Amino acid sequence: MREEKFVKFLFVITAVSILSFCLMPFFYMLVISFSTSWDITSLDKIRFSFSNYIEILKDPSLHCLDYIKNSLIISAVSSFISVFIASLGAYAISRLDFPFKFFLLLFILASSMFPQITIVGYLFKFMNKLHLINTYLALIFPYIAWTLPLSLWIMVSYFSKIPKELDKAALIDGCNWFQIFIKIILPLSKPGFISAGLLSFLFAFNEFLFALMLTIDYHARTVPVGVALFQGLHGELPWGSIMAFSILSLIPVILITLIFQRYIIQGLTRGGLKE
Amino acid sequence: MKIKLINLSKTFISPRRRVKAVNNINLEIGKGEFFVILGPSGCGKSTLLNLIAGLEKPSSGEIYFGEKLVASKEKKIFIPPKDRNVAMVFQSYALYPHLNVFENIAFPLRIQKLDKHSIKKEVEKIAEMLEIKDLLFARPSELSGGQKQRVAIARALVRKPSVLLLDEPLSNLDAQLRINARAEIKFLQKELKITTIYVTHDQIEAMSLGDRIAVMNKGKIEQIGSPEDLYKNPKNLFVAKFIGTIPINLIETEILEEDKKLYSLLGDLKIKIPDDKKEFIKEGKIIIGIRSEHLKINPKSADYNILARVKVIEPLGREYLIHIEYKNYTFKVLSLEKISEKEIIVGFNQQDLYFF
Ligand SMILES: Nc1ncnc2c1ncn2[C@@H]1O[C@H](COP(=O)(O)OP(=O)(O)O)[C@@H](O)[C@H]1O
Ligand SMILES: [Mg+2]
């Protein structure tokens with residue numbers, strides 16, 4: 001009994017220390033965003049205030065809300081399309097018989113391991129030719145391409161766990177291939193869709209390099225670039241405003257994660273369906 | 001619906017190998033017949049069923065449903081499953097895990113876009129018939145094996161198919177349940193008079209269910225006949241071995257020729273080989289088969305008698321299975337009485353012998 005309590009105690013201690021280690025920067029960010037001073041080492045100077053938030057929301061020239069809006073739209077569209085294309089591809093890969101299937105999957109995975117920096121120069125030229133620089137499309141296209149392999153792998157692993165006999169049963173019950181996909185495969189891999197969608201969304205939301213190169217101003221600029229290029233009126237680094245902006249841009253991501261975490265945990269622990 | 005298969009073949013080609021899963025099969029199944037396909041695992045039973053269902057395309061040959069050609073490689077005709085009005089029950093039941101029992105049974109009707117009211121009526125009717133009415137709102141994962149199987153059958157029957165295909169539907173049930181389910185399937189089939197093709201590797205199941213049975217081996221049909229016919233007149237060694245709860249006694253013997261007549265030598269016993277069985281002789285040898293119930297202990301009169309040593313006695317409940325040894329041959333004898341002797345006389349008649 002005492003041993004059990006001790007183990008529990010150790011468990012709590014470990015969990016708390018790991019958690020606090022992970023959350024430390026976030027906590028720092030939170031405190032600074034709500035204080036008038038950014039010198040966290042001298043605690044006596046810290047005064048609680050909303051001034052940072054009011055400042056960035058009131059000043060339209062800072063475009064904070066534009067950046068958040070851009071990020072959300074670009075991430076949502078690119079992750080949705082990525083998962084949509086990936087699921088069609090994964091359906092074909094998991095259901096059709098063709099040679100060298102496994103090599104194809106490996107090749108796709110390998111292509112996703114390219115460092116981004118290797119193609120960013122060419123990508124800029126390309127988007128420039130298409131007159132897409134500083135538009136949503138300039139980012140949506142590369143993000144779809146970049147997240148497709150991961151989405152595809154996740155969806156293939158989910159689809160191939162669904163027994164083929166279900167397809168056969170549905171075929172006999174009168175479905176065509178598209179109906180099988182919509183009525184059987186899709187509902188059975190909901191956690192897969194959500195995991196893949198969320199991972200793609202987060203990638204797009206956090207991506208920096210492409211966003212830096214392919215956007216110019218608030219018309220298409222996303223949050224990470226916005227934060228990096230944040231400057232006060234006199235060229236100084238207004239840490240309080242930066243932190244407040246970061247916290248603001250985190251809110252939608254946290255909300256989305258909270259809403260879908262049920263499915264993600266399901267997806268991570270169960271991995272598809274069990275009879 | 002009458003079903004006719006003509007020279008039907010299916011070859012699977014993968015980079016590493018070529019499998020002739022179904023090899024030139026000719027078959028005619030009558031309207032309302034309960035037809036069983038029996039064979040060891042891997043002999044192509046499921047493939048044959050899938051061809052009939054339209055889940056596979058034949059490599060060659062033709063399939064007719066009634067007068068209608070539904071699949072022909074040569075004439076480039078292939079009618080998909082949904083237009084064949086077939087229903088199928090799978091070994092794993094293949095219930096849709098995300099739908100409850102009601103929706104599972106209703107699924108084929110919803111695809112047919114039947115109106116809500118009729119769907120409810122039909123589902124409840126079939127659920128009543130299979131005694132699963134109180135399960136309608138359960139999920140498949142909450143059901144026992146026997147219940148899942150009933151739901152699978154209900155889903156198959158709900159849209160009144162003209163052909164019912166069953167692929168080893170009982171092999172996931174335990175022995176007790178299987179006997180009841182067997183009787184129930186037979187009853188349902190006779191009630192509804194649906195042409196039924198039933199695939200199994202279990203010869204007891206085949207014997208108890210089938211109006212006719214086709215014994216399959218390595219993609220080919222070895223023999224087609226009624227259960228009695230297969231038991232009494234097996235055409236070849238494979239069928240003789242496969243049919244029968246107690247395996248048939250098989251003995252390879254030498255041939256003796258005397259006065260232009262052929263005998264098979266069982267020790268010093270000379271057994272006549274009928275003229276029409278001479279074709280079975282291979283390299284001076286022939287295989288004799290006799291079922292264990294045709295070996296009689298201490299018979300009043302028998303064409304042949306042997307004096308044999310008793311090795312083991314297995315009580316089977318009502319009967320005893322006695323393993324005996326004669327020369328270097330062992331036989332299994334079915335007897336109603338337990339015996340205590342060490343040596344017994346066993347007799348058998350010419351008419352009960354099979355030659356292969
Ligand atoms: N889709 C397939 N691809 C390749 N080979 C297959 C396929 N389906 C079945 N086979 C092969 O065909 C043979 C017959 O299989 P099957 O019809 O499932 O046998 P059964 O149902 O009698 O156990 C087996 O050797 C099996 O490996
Ligand atoms: Mg099979």
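A quick note: this is a predicted structure, and the numbers were derived from the prediction, not measured.
Proximity to chain B involves both the backbone and the side chain of A:Glu165, based on heavy atoms less than 4.5 angstrom apart. Only the side chain of B:Arg159 comes within less than 4.5 Å of a heavy atom in chain A; its backbone stays farther off.
Listed options A:Asp173, A:Asp167, A:Asp97 were ranked by heavy-atom pairs under 4.5 angstrom with chain B; first place goes to A:Asp173.
The neighbour count for A:Phe98 CZ, taken as heavy atoms of other residues, nucleotides or ligands under 6.0 Å away, is above 12. The local environment of NZ in B:Lys57 is sparse, with at most 12 non-hydrogen atoms from other residues, nucleotides or ligands closer than 6.0 Å. No more than 12 heavy atoms of other residues, nucleotides or ligands shown are found within 6.0 angstrom of CZ on A:Phe126. The environment of CZ in A:Phe84 is sparse: at most 12 heavy-atom neighbours from other residues, nucleotides or ligands sit within 6.0 Å. When the shell of 6.0 Å around NZ of B:Lys20 is examined, it contains 12 or fewer heavy atoms from other residues, nucleotides or ligands. The environment of A:Phe107 atom CZ is sparse: at most 12 non-hydrogen atoms of other residues, nucleotides or ligands sit within 6.0 angstrom.
Between the B:His98 side chain and the A:Lys183 main chain, a donor and an acceptor come within less than 3.5 Å of each other.
Of all heavy-atom pairs spanning A:Leu166 and B:Pro97, the tightest one is CD1-CD, 3.7 Å. Across all their heavy atoms, A:Cys175 and B:Ile111 have their closest contact at SG-CD1, 3.4 Å.
Taking the side chain as every heavy atom from C-beta outward, A:Pro187 and B:Tyr96 never approach each other to under 4.5 Å. Using a 4.5 Å heavy-atom cutoff, the side chains of B:Phe107 and A:Ile184 are in contact.
Interatomic distance, A:Lys164 NZ to B:Leu55 CG, rounded to the nearest 0.5 Å: 14.0 Å. A distance of 8.0 Å separates NZ of A:Lys168 from CG of B:Asp167, quoted to the nearest 0.5 Å. Considering CG of A:Leu171 and CG of B:Asn50, their distance stands at 10.0 Å, rounded to 0.5 Å.
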